[in-house]
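Here is the structure we will look at, set down as structure tokens.
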Protein chains: 2
Amino acid sequence: MDSIQVGNFKFQLDLSKPLYEQVLQHIRQAIARGDVLLGTKLPSVRDLAQQLKLNPNTVMRAYQELDRDHLTETRRGQGTFITSDSETVEQVKKALAREAVIAFVSSMKNLGINRSTTESLLKEVTWHE
Amino acid sequence: MDSIQVGNFKFQLDLSKPLYEQVLQHIRQAIARGDVLLGTKLPSVRDLAQQLKLNPNTVMRAYQELDRDHLTETRRGQGTFITSDSETVEQVKKALAREAVIAFVSSMKNLGINRSTTESLLKEVTWHE
DNA sequence: TTAAGTGTATTATATCAAATAAAACACTTA
DNA sequence: TAAGTGTTTTATTTGATATAATACACTTAA
């Protein structure tokens, strides 16, 4: 597995991408998925850093990006809290989904694969949900 | 545009990813797309490096990865040639397509988006081909 | 034979983003 | 006041990427 559970979050870190980016993605996806209650507090910067064996600065960089997207709201001295606005979450989720679709279509087009073939390939994939 | 045409290849380089990787992708996709005649010679390492304003070592790294996938065959003293085996090309193309599909499905699942919604989102995209 | 054009290898250096480290500062709460 | 928050700053380390310069090995055609 090599995954670390912290509160409601499960982290899988590797060296394929920047660590701060992976932390960001994990939390963002958990929020989008609805895995965590809106309005709740994230682990403190120092806390999460210690559990993931990362530098606090690395975790903070992830938290600041979440703030920028308004997925979290930081209250100095209190902590970083997940937004309570489900509308914001929905918007971010849609934006991320759209990005993924665009990137995928672009990949397929770069390979010279058309829409209908792409749809067929997608149907062939087993989709455990 | 900021793109450079070299023979049948069009290169679009930026700083978002390693240069050798971008060179590799451009050539690999052109072959997969059928944009180039099988069996033909790629630009020489020094030649392409000069035209793209890259170091020869950077270009060579891309060429060596193409060789590893058997998309090209290098003959010392002669140059690097695109494989004549259309079967190999087809296999690589399928592998790349499969990779893209897997990555896409994974992204959508990470966002908590199911198959049917994914298919809908895909249909919404205009697909200029 | 030779010269020019190929790929290949080596060694050194430069560059840059990412990550760490340590310390101090600012605010909130109990 | 103390403990727990986020924040900022400065310095340093690390590793992949890219460049540079040079030499070597092979092929082809003049």
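By convention in this document, chain letters (A, B, ...) are assigned in the order of the sequence lines, proteins followed by strands, and residues within each chain are numbered from 1. Owing to the predicted nature of the structure, the values given are computational and were not obtained by experimental measurement.
- Salt bridge absent: B:E119 and B:K123 never bring a charged side-chain N and a carboxylate O closer than 4.0 Å.
- Whole-Å rounding puts the A:L48 CG to D:dT7 C1' distance at 17 Å.
- A heavy atom closer than 4.0 Å to some atom of DNA chain C occurs in A:R61, A:R76, A:G77, A:Q78, these being the qualifying members of residues 60-82 of chain A.
- For the helix from C:dT1-D:dA30 to C:dA30-D:dT1, the rotation axes defined at the first and last 5 base pairs enclose an angle of 10°, given to the nearest 10°.
- The side chain of A:S44 contributes an N or O atom lying less than 4.0 Å from OP1 or OP2 of D:dT5.
- Contact of the A:V92 side chain with the A:V89 side chain is not registered, since no non-hydrogen atoms from C-beta on lie closer than 4.5 Å.
- Within the 4.5 Å cutoff, the side chain of B:D85 has no heavy atoms near those of the B:L38 side chain.
- Taking the side chain as every heavy atom from C-beta outward, B:L66 and B:T80 never approach each other to under 4.5 Å.
- With contacts defined as side-chain heavy-atom distances shorter than 4.5 Å, the pair B:K93/A:I113 qualifies.
- Judged as a side-chain contact (heavy atoms from CB on, under 4.5 Å), and not counting sequence neighbours, the contacts of B:E124 are B:L121.
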Contacts table for residues 96-103 of chain B: side-chain donor-acceptor under 3.5 angstrom, sequence neighbours left out:
none

Would you tabulate the side-chain donor-acceptor contacts of residues 49-60 of chain B under 3.5 Å, counting partners in other chains and residues two or more places apart, or write 'none'?
residue: B:N55; atom: OD1; partner: B:N57; partner atom: N; Å: 2.9
residue: B:N55; atom: OD1; partner: B:N57; partner atom: ND2; Å: 3.4

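- When DNA chain C is scanned 5' to 3' for any atom under 4.0 Å from a heavy atom of chain B, the first and last hits are C:dG5 to C:dT10.
- A heavy-atom distance below 4.0 Å to DNA chain C is reached by these residues of residues 8-26 of chain A, ordered by number: A:P18, A:L19, A:Y20.
- Residues passing the side-chain hydrogen bond (donor to acceptor under 3.5 Å, both in side chains) test with A:Q22, sequence neighbours excluded: none.
- Shown here are the salt bridge (Lys or Arg N to Asp or Glu O under 4.0 Å) partners of B:R76, two or more places apart in sequence or in another chain: there are none.
- A pairwise comparison of heavy atoms in A:L111 and B:R33 identifies C-CG, 3.7 Å as the closest pair.
- Counting only heavy atoms from C-beta outward, the side chains of B:L42 and B:F9 approach each other to under 4.5 Å.
- Looking at residues two or more places apart in sequence or on another chain, you find a side-chain contact (heavy atoms from CB on, under 4.5 Å) between B:R75 and B:E73, B:Q78, B:F81.
- The side-chain hydrogen bond (donor to acceptor under 3.5 Å, both in side chains) check on A:R61 picks up A:Y20, with sequence neighbours excluded.
- Computed from coordinates, the B:R46 CZ to D:dT27 C1' distance equals 13 Å when rounded to whole Å.
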Short heteroatom pairs, N/O only, protein and nucleotides 10-15 of chain D, under 3.5 Å:
none

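- Using a cut-off of 4.0 Å between Lys/Arg side-chain N and Asp/Glu carboxylate O, A:K10 and A:D35 are scored as not salt-bridged.
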